[in-house]
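Working notes for the structure below.
First listed ligand is number 1; within each ligand, the first listed atom is number 1. For the numbers below, each heavy atom of this structure counts, side chains included, while hydrogens, waters and symmetry mates do not.
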Amino acid sequence: MPGAAVRPVVGQPVSRVDGRLKVTGGATYAAEFDPGPDMVYGVIVGSTIANGRIAAIDTAAAEAAPGVVAVLTHQNAPRLPYQRHQQLPVDPAAGERLHNLQDDRVRFQGQTVALAVARTFEQATFAASLVEVTYDEEPAVTTFAAAARHALPPDPAWEPTMFGFREEMGRGNVDAAMREASVRTDAEYVIPRENHNPIEIPATIASWQGDQLILWDKSQWVDNVRDEMASVFDIPAENIRVISRFVGGAFGSALRAWPHVALAAMAARVVDLPVKLVLTRRQMFNLIGYRPHTVQRVALGADENGRLMAIRHEGMAETSTYEQYAENLLNPTRYLYSCPNVATRYRFAPMNVQTPTAMRAPGEVSGIYALECAMDELAVALDMDPIELRMRNEPDRDEDRDLPFSSRSLRECYRVAAERFGWDRRDPRPASMRDAQGNLVGYGCATGTYPTLYSPASARAVLHPDGTAVVSSASSDMGPGTYTSMTQVAADALGLSIDRVRFELGDTSLPKATVHGGSMTMASIGTAVQEACVQAKRQAFERAGVTDPEADLGGVMRTLSEPVEVTAQNTAGEQQANYSMHSFGAVIAEVRVDPDLGLVRVPRIVGAYGIGRVVNPKTAHSQCIGGMVMGLGMALLEQTVVDSRNARPANSSLADYLVPVNADINELDATFVEEVDPHVNPLGVKGAGELATIGVAPAIVNAVYHATGVRVRELPVTPEKLLAAPRSAAARG
Ligand code: MOS
């Protein structure tokens with residue numbers, strides 16, 4: 001409990017405590033650390049074929065180039081132990097990670113076949129260009145269509161966990177219910193591959209001091225990077241320190257320890273100098289994961305009142321030939337609506353590509369895109385308002401796990417969003433609304449939901465006799481404002497003013513934390529932070545002999561001769577088994593479509609979210625409008641174009657891979673409904689990061705249908721797709 005004199009800051013719109021560092025360039029990102037003047041630079045040579053073997057590799061010219069320290073290939077690279085290391089949920093449940101330069105095998109275009117190491121980045125880049133590789137090429141699976149022809153089910157031994165699940169799941173008898181339904185829809189939805197495009201690209205600096213390895217790395221989970229390096233080199237984890245103080249956006253791209261991290265460490269050991277390895281943006285499209293291309297089929301059956309009788313949802317996603325990354329497309333379909341008959345089926349489509357990975361709201365955002373477009377199609381078939389359709393199918397409990405929801409505010413989210421948007425001004429007929437410039441106007445809605453995850457984590461609180469506190473955990477802050485929100489939680493738990501508290505993260509020398517992903521940082525690590533602070537405060541009071549719990553901790557601390565230090569683990573999270581825990585949100589979008597050019601503009605998006613307690617409404621709001629921007633990109637712009645000849649990402653630059661820019665963004669209205677959830681975790685938080693981007697793309701696509709009468713089911717909704725589709729009579733001319 002806060003001391004009487006200090007105003008609580010949880011729930012307050014506190015500005016980022018690291019904001020000044022960020023805008024003044026004082027925040028140090030992975031590639032900006034300086035391990036000393038002898039640091040050298042590594043530049044990767046990528047394969048030019050999609051599948052086969054290296055027949056010959058000639059490094060003579062590269063080795064003779066100015067400044068070159070070494071050129072590593074599979075012929076001269078040290079053989080590394082590569083012990084099994086599979087960290088769920090960030091590593092795929094099946095397969096084996098790519099090993100660097102251990103054999104002559106090429107599995108995808110762009111795979112590392114050599115590393116040039118030189119005194120300067122320019123010298124290394126030049127040397128890399130001189131490496132001559134010849135290949136024995138083998139037939140490759142380079143298109144999703146080809147991969148889909150030999151698709152695989154998940155291993156039946158898998159448990160249905162976050163990123164792994166059984167092939168077929170569900171309840172009831174879908175075939176029979178579908179036959180009895182009065183209204184049916186059945187359609188296929190396609191989402192192309194998307195790449196995370198944070199401004200900070202993957203970067204690692206590796207430095208060995210004897211048998212001690214230090215890595216400065218871009219990471220969402222420093223503890224996992226350490227464990228991965230320990231397994232690759234078969235050395236004790238205690239010999240490795242990983243530092244990642246600031247992350248310039250990640251969206252899931254820095255969850256795993258990607259092969260280039262071990263490559264930097266390997267090179268640093270070979271040349272016995274610190275090595276900096278920064279991928280180019282083009283290499284980023286090849287050498288780390290991405291959101292996989294998915295094809296989904298959703299069939300819905302309802303009675304004449306719009307009550308769902310049957311849902312069938314089948315999903316297929318690309319993966320690599322060496323790992324099975326499972327995209328969590330189907331989980332929400334089993335609990336989002338009340339429906340007695342539900343069937344889901346998952347398939348992998350292995351291709352000669354690198355392994356996909358989690359990208360913001362991994363699986364949910366894609367699966368819900370298909371489900372929520374299908375619901376809009378059902379509303380049209382029923383001639384029913386799409387929000388009303390969703391309200392008629394609100395479940396009382398999670399019908400998949402047969403558990404009560406810990407809290408579920410979707411009705412309230414829709415009420416608030418509809419009111420803020422002015423949904424009642426919507427003429428339900430497609431292509432019936434126009435603006436003064438003659439653009440077609442459409443309103444569309446969609447639901448978002450994401451699980452409230454929870455994992456073990458620990459934190460340390462140190463109370464100093466000068467009245468300041470340092471609280472820490474090996475977490476990460478990829479942008480949501482973790483430095484700030486954790487400082488708020490710590491300040492309130494201690495009853496100190498926020499300027500007396502400093503929070504540290506991003507270093508394996510700090511108490512072990514769980515992954516900074518899955519929207520669970522505040523739930524999991526925040527709980528540990530609160531626990532450590534409560535215990536530290538209690539110890540300080542005990543040591544000072546203070547019995548009044550309302551006494552000011554700052555005064556108590558000044559009587560201490562030694563700091564009080566407490567490390568605590570978060571509490572068990574046993575309620576996870578008793579309740580179905582999810583955040584929910586309602587998203588409504590307006591689009592304006594130029595009827596001649598097929599150009600879609602989004603003048604406004606309204607989102608209302610039930611995310612439990614909001615620790616910092618300012619940073620949470622930022623996270624939500626950021627999620628809207630990302631969802632808009634997914635709906636209208638983003639796609640990694642894969643060359644059908646060799647599965648090469650053909651648009652691997654920010655010039656060619658389109659993301660929304662300022663001119664694409666207009667009014668974004670994100671708001672939180674009041675939601676008190678006593679079950680989720682001690683802080684009552686549900687997380688916002690993933691939820692914020694879920695539901696945005698289907699809301700926009702549904703709005704485009706409403707504006708034009710054209711149903712585009714393959715993202716992104718580009719002008720050519722809109723113009724090519726047969727249009728309703730009303731939308732013409
Ligand atoms: Mo998030 S895709 O778990 O970084």
Next on the checklist: Pairs of nitrogen or oxygen atoms closer than 3.5 Å, one from His516 and one from ligand 1: do any exist?
Outcome noted: no
Under 4.0 Å from one or more heavy atoms of Met478, ligand 1 contributes atoms 4 (O)
NE2 of His313 to CG of Leu329, rounded to nearest 0.5 Å, is 6.0 Å
I'd like to know whether Met630 forms a side-chain contact (heavy atoms from CB on, under 4.5 Å) with Phe251, so could you lay out the CA-CA distance, the side-chain angles of the two residues, the decisive distance to 0.1 Å, and finally the verdict.
CA-CA 10 Å; Met630 206 158 180; Phe251 313 114; 3.8 Å; yes
Check: Judging by distance only, is a nitrogen or oxygen of Gly518 under 3.5 angstrom from one on ligand 1?
Finding: yes
Given the options Arg401, Arg408, His582, Tyr335 meets side chain to side chain donor-acceptor pair (under 3.5 Å) only with His582
At under 4.0 Å between heavy atoms, what of Met359 touches ligand 1? The answer is backbone
So the atoms of ligand 1 within less than 4.0 Å of a heavy atom of Arg360 turn out to be 2 (S)
Once you measure the plane-to-plane angle for Tyr609 and Phe672, does it fall in the parallel (<30°), tilted (30-60°) or perpendicular (>60°) bin?
tilted
- Query: Does one side chain, of His516 or Thr521, offer a donor that lies under 3.5 Å from an acceptor on the other?
  - Reply: yes
query: N/O of Gly517 under 3.5 Å from N/O of ligand 1, yes or no?
result: no
side-chain hydrogen bond (donor to acceptor under 3.5 Å, both in side chains) pairs touching residues 196-206, sequence neighbours excluded, are Asn197-Arg281, Thr204-Asp217
If we number the atoms of ligand 1 from 1 as shown, the ones under 4.0 Å from a heavy atom of Pro362 are 2 (S)
Near Phe251 (heavy-atom distance under 4.0 Å), the atoms of ligand 1 are 2 (S), 4 (O)
Worked verdict on Trp216 versus Thr28 for side-chain contact (heavy atoms from CB on, under 4.5 Å): CA-CA 10 Å; Trp216 291 269; Thr28 314; over 6 Å; no
Atoms of ligand 1 under 4.0 Å from any heavy atom of Glu690, numbered from 1 in the order shown, are 1 (Mo), 2 (S), 3 (O)
